[in-house]
Enquirer: 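I have a structure here, written as structure tokens, and I will follow up with some questions on it.
These values consider heavy atoms only, across backbone and side chains, with no hydrogens, waters or symmetry-generated copies.
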Amino acid sequence: SWDTVLCSSFLFAYLHAGQWEKFNELVSFMKAEQIPPDVYTFTARLTACGRVGQPNQAFAIFKEMRECRVPTSLHAYTTLVDILTKHPQNPHSWKVLHLLWQKTLTTLPMPSLIQIISAYGAARRWSELSELLQALNAAQVQLNMAACGALLAVYKNSR
């Protein structure tokens, strides 16, 4: 009998082997058989989106993960942010990134915040970076040394 753990294990095996058709068939099978996804199932799906360059699909999966009340892991956040920041040419990526940090500001892991700060700086998206910093300040989120270093690097590169 198929269960969540077995399905997640196969998803990761298909992911690492690059067998996208089997990967997608198993995701469809899980939905059809109402096998509940867990954090590993969603992480495999997010990672697959990163490998094939589908930022819009990645955000939809992340949203589904939250709707299913599956706890979001550090890996899930960093994978999603990584996917979005690697596709700066996709205007939707910036909208999704903005929406992500707005909805998860106080729970977003520091490595993900650092990626967002660096991505905004690299793309010279100063108004969005300013808005993020103001929101962090208003929410009393304290940046660690690495985040402060990222801000300093962004500032130095802007000159």
Side-chain angles (χ1 to χ4, degrees), residues 2-123 125 128-129 131-133 135-136 139 141-147 149-150:
W2 286 85
D3 67 1
T4 304
V5 174
L6 184 60
C7 288
S8 293
S9 298
F10 271 95
L11 283 174
F12 274 105
Y14 293 149
L15 172 70
H16 292 295
Q19 295 182 0
W20 306 116
E21 190 174 314
K22 288 184 179 185
F23 183 93
N24 289 325
E25 286 173 7
L26 183 53
V27 169
S28 297
F29 171 80
M30 288 180 71
K31 288 180 179 182
E33 295 295 317
Q34 298 181 339
I35 298 171
D38 63 5
V39 66
Y40 301 106
T41 309
F42 281 111
T43 301
R45 290 175 62 199
L46 284 170
T47 303
C49 288
R51 296 242 176 115
V52 297
Q54 295 182 340
N56 299 345
Q57 181 66 21
F59 187 69
I61 290 168
F62 189 81
K63 186 176 175 185
E64 180 185 342
M65 183 179 192
R66 293 177 61 90
E67 288 169 356
C68 290
R69 300 192 186 276
V70 172
T72 48
S73 65
L74 173 64
H75 186 73
Y77 277 115
T78 55
T79 300
L80 180 61
V81 170
D82 188 53
I83 292 166
L84 295 172
T85 57
K86 283 184 178 173
H87 295 89
Q89 71 283 6
N90 180 343
H92 189 69
S93 289
W94 294 109
K95 292 176 190 169
V96 169
L97 195 61
H98 188 262
L99 184 62
L100 173 69
W101 70 252
Q102 280 185 324
K103 290 187 176 285
T104 60
L105 187 63
T106 58
T107 58
L108 195 62
M110 198 58 62
S112 297
L113 278 173
I114 292 168
Q115 281 181 289
I116 294 169
I117 289 167
S118 298
Y120 279 156
R125 298 181 81 90
E128 286 137 316
L129 179 59
E131 184 181 349
L132 170 60
L133 294 174
L136 289 168
V141 174
Q142 293 187 351
L143 300 179
N144 65 14
M145 290 298 283

Enquirer: Counting heavy atoms not belonging to Gln142, are there more than 12 under 6.0 Å from its CD?
Expert: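 Atom CD in Gln142 is not crowded, with 12 or fewer foreign heavy atoms closer than 6.0 Å.
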
Enquirer: Under the rule for ring-ring contact (aromatic ring centres under 6.0 Å, His included), what residues qualify as partners of His98, not counting sequence neighbours?
Expert: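 Expected list: Trp101.
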
Enquirer: For a side chain to side chain contact (heavy atoms under 4.5 Å, CB included) with Val141, tell me which candidate from Leu136, Leu133, Leu108, Thr107 qualifies.
Expert: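 Checked Leu136, Leu133, Leu108, Thr107 against Val141; only one passes side chain to side chain contact (heavy atoms under 4.5 Å, CB included): Leu136.
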
Enquirer: Identify, with sequence neighbours excluded, every residue that meets side chain to side chain contact (heavy atoms under 4.5 Å, CB included) alongside Ser28.
Expert: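 Ser28 satisfies side chain to side chain contact (heavy atoms under 4.5 Å, CB included) with no other residue.
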
Enquirer: Among residues at least two apart in sequence or on other chains, which ones pass ring-ring contact (aromatic ring centres under 6.0 Å, His included) with Tyr77?
Expert: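 Checked Tyr77 against ring-ring contact (aromatic ring centres under 6.0 Å, His included); matches are Phe62.
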
Enquirer: Ala122: which residues meet the side chain to side chain contact (heavy atoms under 4.5 Å, CB included) condition with it, sequence neighbours left out?
Expert: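 Ala122 satisfies side chain to side chain contact (heavy atoms under 4.5 Å, CB included) with no residue once adjacent residues are dropped.
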
Enquirer: Without placing hydrogens or testing angles, list every side-chain donor-acceptor pair under 3.5 Å for residues 32-51, not counting sequence neighbours.
Expert:
from, atom 1, to, atom 2, distance (Å)
Asp38, OD1, Ser8, OG, 3.1
Asp38, OD1, Tyr40, N, 3.0
Asp38, OD1, Thr41, N, 2.9
Asp38, OD1, Thr41, OG1, 2.9
Thr41, OG1, Ser8, OG, 2.6
Thr41, OG1, Asp38, N, 3.2
Thr43, OG1, Val39, O, 2.7
Arg45, NH1, Glu64, OE1, 3.4
Arg45, NH1, Glu64, OE2, 3.3
Arg45, NH2, Glu64, OE1, 3.2
Thr47, OG1, Thr43, O, 2.8
Arg51, NH1, Leu15, O, 3.3

Enquirer: Output every pair passing salt bridge (Lys or Arg N to Asp or Glu O under 4.0 Å) with a member in residues 107-118, not counting sequence neighbours, ordered by first then second residue.
Expert: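 Not a single pair qualifies under salt bridge (Lys or Arg N to Asp or Glu O under 4.0 Å).
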
Enquirer: Do the ring planes of Phe29 and Trp2 sit parallel (below 30°), tilted (30 to 60°) or perpendicular (above 60°)?
Expert: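 Aromatic pair Phe29/Trp2 classed perpendicular.
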
Enquirer: What pairs meet the salt bridge (Lys or Arg N to Asp or Glu O under 4.0 Å) rule with one or both residues in residues 66-89, with sequence neighbours excluded?
Expert: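 Non-adjacent pairs meeting salt bridge (Lys or Arg N to Asp or Glu O under 4.0 Å): Asp82-Lys86.
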
Enquirer: Where do Val81 and Leu113 land on the side-chain contact (heavy atoms from CB on, under 4.5 Å) test, with the steps shown first?
Expert: CA-CA 9 Å; Val81 170; Leu113 278 173; over 6 Å; no

Enquirer: Provide the full list of side-chain hydrogen bond (donor to acceptor under 3.5 Å, both in side chains) pairs with a residue in residues 12-21, sequence neighbours left out, each pair given once.
Expert: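 Checked against side-chain hydrogen bond (donor to acceptor under 3.5 Å, both in side chains) - neighbours excluded - no pair reaches residues 12-21.
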
Enquirer: Applying salt bridge (Lys or Arg N to Asp or Glu O under 4.0 Å), name anything that partners Glu128, two or more places apart in sequence or on another chain.
Expert: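 Applying salt bridge (Lys or Arg N to Asp or Glu O under 4.0 Å) to Glu128 gives Arg125.
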
Enquirer: Return the minimal non-hydrogen interatomic distance between Ala135 and Leu105, and the atom names on each side.
Expert: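 Scanning both residues, the minimum pair turns out to be O-CD2, 3.4 Å.
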
Enquirer: Among residues at least two apart in sequence or on other chains, which ones pass side chain to side chain contact (heavy atoms under 4.5 Å, CB included) with Ala147?
Expert: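 So Ala147 forms a side chain to side chain contact (heavy atoms under 4.5 Å, CB included) with Met110, Ile114, Leu143, Asn144.
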
